[in-house]
Amino acid sequence: MREIILIAGGIICVVAGLIFLPLPTPFVLPLLFVGGSLIIAGRTHAPALLKRFRTRNDRAHRWITKTERYMPVFVRWPLRQTRPDKTGT
């Protein structure tokens with residue numbers, strides 16, 4: 001039940017972020033990060049996919065690492081678990 005709630009909340013946040021993407025609002029990136037983190041926390045294979053993406057795309061990895069320090073803990077923790085260079089501690 002927990003996984004379903006996390007994934008549903010993540011999908012709602014990502015869709016809302018994509019809807020607001022063309023608008024000049026400051027809520028788009030946080031919505032996308034929160035939605036992505038909820039999906040990562042709810043799925044078993046999503047962290048491995050993000051870790052592989054971060055390994056292959058160095059520019060995205062640097063950007064995610066730079067912005068994760070400004071995110072709340074519940075968003076930061078799943079992103080740190082997907083760091084390719086560390087074990088997530």
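The structure presented is a predicted model; accordingly, all values stated were derived computationally and were not measured.
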To check you understand the geometry: which heavy-atom pair defines the closest contact between [X] and [Y], and what is its length?
X     : Y     : value
Phe74 : Ser37 : O-CB, 4.2 Å
Leu50 : Leu79 : CD2-CD2, 4.0 Å
Pro84 : His61 : CD-CE1, 3.4 Å
Gly35 : Cys13 : CA-CB, 3.5 Å
Arg76 : Met71 : NH2-O, 2.7 Å
Pro47 : Thr82 : O-CG2, 3.6 Å

Subject >> Joint hydrophobic cluster, Ile19 plus Leu21, side-chain heavy atoms closer than 4.5 Å >> reply: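 Yes; tracing contacts between hydrophobic side chains, which count when under 4.5 Å, links both residues.
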**OP:** Determine, using the 4.5 Å side-chain heavy-atom cutoff (strictly less than), whether Leu29 and Phe53 are members of one ILVMFWY cluster.
**Re:**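 Same cluster.
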**OP:** List for me each residue that meets side-chain contact (heavy atoms from CB on, under 4.5 Å) alongside Phe20, sequence neighbours excluded, and say none if there are none.
**Re:**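 side-chain contact (heavy atoms from CB on, under 4.5 Å) list for Phe20, sorted by chain: Leu23, Thr25, Val28, Leu31.
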Original post:
Residues two or more places apart in sequence or in another chain: which of them pass side-chain contact (heavy atoms from CB on, under 4.5 Å) with Arg43?
Top reply: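 Partners of Arg43 under the side-chain contact (heavy atoms from CB on, under 4.5 Å) test: Ile7, Ile39, His45, Ala46.
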Subject >> Separation between CD1 of Ile64 and CZ of Arg80, rounded to the nearest 0.5 Å >> reply: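 Reported to 0.5 Å precision, the distance equals 13.5 Å.
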Subject >> Nearest-0.5 Å distance that lies between atom OG1 in Thr44 and atom CD in Glu3 >> reply: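 So the OG1 of Thr44 and the CD of Glu3 are separated by 9.0 Å.
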Original post:
Is the backbone N or O of Lys66 less than 3.5 Å from a side-chain atom of Arg69, with the two atoms forming a donor-acceptor pair by type?
Top reply: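 At least one qualifying donor-acceptor pair exists.
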Subject >> is_close_aromatic(Trp63, Phe33), centroid dist under 6.0 Å >> reply: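 Yes, the ring of Trp63 comes within the 6.0 Å limit of the ring of Phe33, centre to centre.
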